[in-house]
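The sequence lines fix the lettering, A, B, ..., with proteins before strands; numbering per chain opens at 1. As the structure is a prediction and not an experimental result, all values here were calculated from the model.
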There are 2 protein chains.
Amino acid sequence: MRIGELGKAAGVDGETIRYYERAGLLPTPARTHNGYRAYGVAHLERLAFIRHCRALDVPLAEIRRLLDFVDRPDADCGDIDRLIEAQLTRVRARLKSMRALEKQLAALRSRCEAGHVAAECGILHELVAAAHGEACACHASAPDSAAGARAAKRR
Amino acid sequence: MRIGELGKAAGVDGETIRYYERAGLLPTPARTHNGYRAYGVAHLERLAFIRHCRALDVPLAEIRRLLDFVDRPDADCGDIDRLIEAQLTRVRARLKSMRALEKQLAALRSRCEAGHVAAECGILHELVAAAHGEACACHASAPDSAAGARAAKRR
DNA sequence: CTAAAACCCTGTAGCCGCTCCAGGGTCAAG
DNA sequence: CTTGACCCTGGAGCGGCTACAGGGTTTTAG
């Protein structure tokens, strides 16, 4: 299998496959006489595994650790447990801040009716009000807006 | 006001302020005799505005556009409307895929009880099963798992 | 048979939004 | 007079790709 075929089979761009190889996630494949990468079924499996984990938003570093488990089937499995648990915790935290975000944006949007001029735009007014530390439709109180900013940062 | 004070007032790191300046979001401030940046209230306002938008996960490029509106109060406001609408759409799409993600991870977690060895780990089995294109606790059917991957990519 | 299109290779740079570092200067307190 | 807190510039690094440039090879169409 050449890189294009493998890519098509796994739904991944060829450049990304080469990137995974450089990153040490995919073993270096054999080469044909002309230097093209030659992949086997094992590679496709491993690549599908990686994509599946990425679909779960698992970072590449942790995928590397998971792949280690795949390669050493006699290792203790508690670590896998904890890894998934940690990922779930991350995702839930992010979900929470995203839900708050949606509310804030929805509130903002309702402030503006089209056809205005910027000076009278409710959205802009709200955003500028935040700059004065006033309570606004987005953030209940000023000190908390800073906390929101911090929450958004630490995804 | 020096950069440290400004940073404290707005809850932003000094390095980030300099970054915003380089990025063209904050106007270049005056300098004191020794070369230190000297900020006024206008800078604090503008910085707070930026942080507020960032808390709403608005990209810097769009914040730049919003700041243009702040500076030109006679412009048409429909664009602001559309900008917030687009941001809301982005956030909602991301929310949707995150919710799916949470479900998948929760399902995965329930597959494993501690004390096992990797070879018998339900989580690992599920993840490997995906590599074979089988239906798994995470993804109802194989073809859709590729779609999930694509959705996760395009945040 | 040939020319064009489609694939492959390597290596490097860019994206976002910061964050951190090295290697220096400046200033107030103890 | 030293210590420590602050400030400066310029550059590199993060993650997870993506997009070149500048070459080579293979496949397909005419």
Between P of dC18(C) and CD of E21(B), the distance in whole Å: 15 Å
Polar side chain donor-acceptor pair, Y20(A) to R54(A), under 3.5 angstrom: no
Please write out the pairs of protein N or O atoms and N or O atoms of nucleotides 1-3 of chain D separated by less than 3.5 Å, giving the distance to one decimal.
none

Whole-Å gap separating P (dC18(C)) and CG (L47(B)): 11 Å
With sequence neighbours excluded, residues passing salt bridge (Lys or Arg N to Asp or Glu O under 4.0 Å) with R72(A): none
P29(A) side chain near E21(A) side chain, heavy-atom distance below 4.5 Å: yes
Derivation and outcome, side chain to side chain contact (heavy atoms under 4.5 Å, CB included), residues R109(B) and E85(A): CA-CA 7 Å; R109(B) 194 189 40 170; E85(A) 186 70 40; 2.7 Å; yes
Closest-nucleotide 5' rank along DNA chain D - winner of E5(B) and R22(B): E5(B)
Sugar-phosphate only, base, or nothing, as touched by R2(B) at under 4.0 Å among non-hydrogen atoms: sugar-phosphate
Minimal non-hydrogen separation, L47(B) against A10(B), with atom names: CD2-CB, 3.6 Å
Length of the OH-P vector between Y19(A) and dA19(D), whole Å: 15 Å
Between P of dG15(D) and CZ of R94(A), the distance in whole Å: 17 Å
For atom NZ of K8(B) and atom P of dA5(D), their distance in whole Å: 11 Å
side-chain N/O T16(A) vs dT18(D) OP1/OP2, d < 4.0 Å: yes
Chi angles and distances behind the side chain to side chain contact (heavy atoms under 4.5 Å, CB included) call for I50(A), L67(A): CA-CA 9 Å; I50(A) 294 168; L67(A) 285 170; 4.2 Å; yes
Salt-bridge present (D13(B), R18(B); N to O < 4.0 Å): no
Positions of residues 59-68 of chain A (non-hydrogen atom under 4.0 Å from DNA chain C), listed by number: none
Short N-O contact, E62(A) and R90(A), less than 4.0 angstrom: yes
Under 3.5 Å donor-acceptor, R51(A) side chain and R46(A) backbone: no
Contact under 4.0 Å: R51(A) side-chain N or O vs dG16(D) OP1/OP2: no
Any R54(B) side-chain nitrogen or oxygen under 4.0 Å from OP1 or OP2 of dC18(C): yes
Spacing of I17(A) atom CD1 relative to dC7(C) atom P, expressed in whole Å: 14 Å
Toward the 5' end of DNA chain D, by each residue's nearest nucleotide, Y20(A) or I3(B): I3(B)
Presence of R18(B) side-chain N/O under 4.0 Å of dC8(D) phosphate oxygens OP1/OP2: yes
Of residues 25-37 of chain B, the positions that come close to DNA chain D - non-hydrogen atoms, cut-off under 4.0 Å: R31(B), G35(B), Y36(B), R37(B)
Interatomic distance where CG belongs to D13(B) and P belongs to dC6(D) [whole Å]: 12 Å
For T28(B), all residues meeting side chain to side chain donor-acceptor pair (under 3.5 Å), sequence neighbours excluded: none
Contacts of F69(B) that satisfy ring pair (Phe, Tyr, Trp, His ring centres under 6.0 Å) - sequence neighbours left out: none
Sidechain-backbone polar pair: E102(B) side chain, R99(B) backbone, donor-acceptor under 3.5 Å: no
Distance, rounded to the nearest Å, where D57(A) contributes CG and dG16(D) contributes P: 8 Å
